[in-house]
Amino acid sequence: MASEVIGEAIGTRPVRVRIAPSPTGYFHVGGARTALYNWCFARRHNGVFVLRIEDTDAERNKEEWVDGIGSAMAWLGIEWDEGPYRQSRRGEHYQVALDELWSNGYLYACDCTREMVLERTKANATPGYDSFCRDRGLEHQLGRALRFRVPRDGVTVVEDVIRGEVRFANSTIDDFVVAKSNGNPLFVLAGVVDDREMRISHVIRAEEHLPTTPKAVLLWEALGTGELPLPVYAHLPVLVNEKRQKISKRRDRVAVEDYREQGFLPEAMVNYLALLGWSPGDGREFFSLEELVAEFDLSNVNHSPAFFDEQKLLHFNGVYLRALTVGDFIERCCRWATEDAPTKVVADFASARFARLAPLVQERAATLSEAADLVEFLFTPDFAVEDESFVKAIERDPDAHSILVEVRERLQSCAFEAPLLKAEILQLADDRGRKLGKVQAPIRTAALGRTVGLPLFESLEVLGRARTLERLDAAIERLSESKPAVEDV
RNA sequence: GGCCCCAUCGUCUAGAGGCCUAGGACACCACCCUCUCAAGGUGGAGACACGGGUUCGAAUCCCGUUGGGGCUGCCA
């Protein structure tokens, strides 16, 4: 049944979809997913994807947020075909609609303040506007809001391809405001006017909009003479946090920009987002944008809220990172460092030294910023061994001192190439009847600063003899300072 | 409170009445590989919220309960 509705609409008019974000904060992942689904749907059906900025509330909007939406979408690779339209610049369109509705008797003026309404309805069982001004016959003038005269009886039906037929008794819908007392339209009105003028065929948006949809339907019908069919609605499940509440810009860290700065790949983000609320039906999980377009279908969209799982995103990002050629990986690192990273990155990704280690880094980093962390030992001007690592791998190891002293000795003369360094240290380990892994812990910590990281010998090779010896010396000295009593006997 | 939506492993999901002793992925645990860490390999633990129907047969359909969520603004 659901697919018939889609088919019908597609058959009778061109597919035109839109996203209508309001610039009240960073573009968040929920908005990105909505944009992605709309974009896929438009592409799939040779339709048009419209971007419309819902900035009717001047007090809450900021220009930088508008730019943020555009750059986030560009980064993700989902570009709009039309727009961006700005509602703040379309005032006359709303005015025309308002006049028409007024003269046809669909509206009435209201001079109640919020406080007055609250006062009156306090005792009532049902909060919401009490239609106080509905029959007062107030003139339409500045300082008075305009409310829609919702029919007392009957049912307003929302046809939703994902949810089916959702019915709202008109008696449960209060006389909502369509224009503020300062004359500005409210989003329901503006949205309906725009959807009509822009010939939107499908409204694909988050489920939180479902309760206001009957108001839009009522307005649509009041404005139309029947020639313009309602768009097909599709309300997507909301994205929730670990407490299963709708993710919010205030509570949760969800800005697309954040993920970009952290070194996530847009293709990984897009892929992960696609799977939050949609699945192809078989087991496949990896999709390029092109494959998504070919496969995405509203009938496969889920009904229940989805948790944005950063762990899984991290996994996806690692997979995409490892799938890159080493050359591409290096290039992405460079681009991230210059364009996306929030602060100056200490790693010189363009250097030959990084190129030498890049394959090893690529295998281990789940994000580009992790890649930077992995080679920090090589590029940081102020190298220091992590305290915790120092205690664990050096202070607590009774053999650490002699290992460091001996390795210092050996590395003074041997050629500084990974295989030879390995042979040298393997020899050292054998002499002591220790496993290689066991002796490398203090060495790694002294030279690279941490107990875990990139493979040791390649790292030392790139670090170079001078700096390696310097760091070994520093560790030996630090050890004697911290535990002066424990000398080798 | 009212209206509306939702309900399969911890998480994302497959499942459109028999193919389900419920499949996959992330995370988790064990082992293997191994110079640490990753990656990779093998194995493991882990779910149909509950109660009634309908049916020869229900995770799948219906009703109710419970639970969660959204909306309830002269925000979007």
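Any value given below was found using the heavy atoms of this structure, including those in side chains, with hydrogens, waters and symmetry copies removed. Residue numbering restarts at 1 for every chain, and letters A, B, ... go by the order of the sequence lines. It should be emphasised that the depicted structure is a prediction, and the values quoted were computed from it without experimental measurement.
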For Ile173(A), report the nucleic acid contact type (base, sugar-phosphate, nothing); a contact means any heavy atom under 4.0 Å.
-> nothing
Both distances below 3.5 Å, Watson-Crick or wobble geometry, any strand: find the nucleotide opposite [N].
N: rA22(B); answer: none
N: rA59(B); answer: none
N: rC3(B); answer: rG70(B)
N: rA16(B); answer: none
N: rA30(B); answer: rU42(B)

Between Leu313(A) and Asp282(A), just flag the one whose closest nucleotide in RNA chain B comes earlier from the 5' side.
->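 Mapping each residue to its closest nucleotide by heavy atoms, the 5'-most match is Asp282(A).
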How do Glu285(A) and Phe168(A) order along RNA chain B: which one's closest nucleotide is nearer the 5' end?
->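 Looking at RNA chain B, the more 5' nearest nucleotide goes with Phe168(A).
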Flag the pair Phe296(A) / Trp278(A) as yes when their ring centroid distance falls below 6.0 Å, and as no otherwise.
-> yes
Are Phe308(A) and Tyr259(A) close enough that their ring centers fall under 6.0 Å?
-> yes
Any donor-acceptor pair, under 3.5 Å, between the side chain of [X] and the base of [N], if you only look at N and O atoms?
X: Lys312(A); N: rA27(B); answer: no
X: Arg364(A); N: rC37(B); answer: yes
X: Arg60(A); N: rC75(B); answer: yes
X: Ser181(A); N: rC74(B); answer: yes

Under 3.5 Å, is there a donor-acceptor pair linking the side chains of [X] and [Y]?
X: Ser131(A); Y: Asp175(A); value: yes
X: Ser299(A); Y: Asp297(A); value: yes
X: Thr121(A); Y: Asp130(A); value: no

Looking only at side-chain N and O atoms, does Lys246(A) come under 4.0 Å of OP1 or OP2 in rG68(B)?
-> no
Would you say a side-chain N or O of Asn302(A) is under 4.0 Å from OP1 or OP2 of rA14(B)?
->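 Indeed, a polar side-chain atom of Asn302(A) lies that close.
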Which of these nucleotides, rA39(B), rG70(B), rC6(B), is closest to any side-chain atom of His303(A)?
->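 Closest of the options to the side chain of His303(A): rC6(B).
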Between rA38(B), rA7(B), rC74(B), which nucleotide has the shortest distance from any of its atoms to the side chain of Ser304(A)?
-> rA7(B)
Over 12 foreign heavy atoms within 6.0 Å of NZ, Lys180(A) | yes
Is the count of non-hydrogen atoms from other residues, nucleotides or ligands lying under 6.0 Å from Glu388(A) atom CD greater than 12?
-> no
Integer-rounded Å distance: rG73(B) P and Tyr129(A) OH =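 In whole Å, rG73(B) P lies 13 Å from Tyr129(A) OH.
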Would you call Asp397(A) and Arg434(A) a salt bridge, using N to O less than 4.0 angstrom?
->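 Looking at Asp397(A) and Arg434(A), the cut-off is met.
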Using a strict cut-off of less than 4.0 Å between a Lys/Arg side-chain nitrogen and an Asp/Glu carboxylate oxygen, indicate whether Arg356(A) and Glu461(A) qualify as a salt bridge.
->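 Glu461(A) and Arg356(A): salt-bridged.
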Check each residue of residues 130-140 of chain A for a non-hydrogen atom within less than 4.0 Å of any atom in RNA chain B, then write out the ones that pass by number, or none.
->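 Output list: empty, so none.
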Hey, can you pull the residues of residues 17-36 of chain A with a non-hydrogen atom under 4.0 angstrom from RNA chain B?
-> Ser22(A)
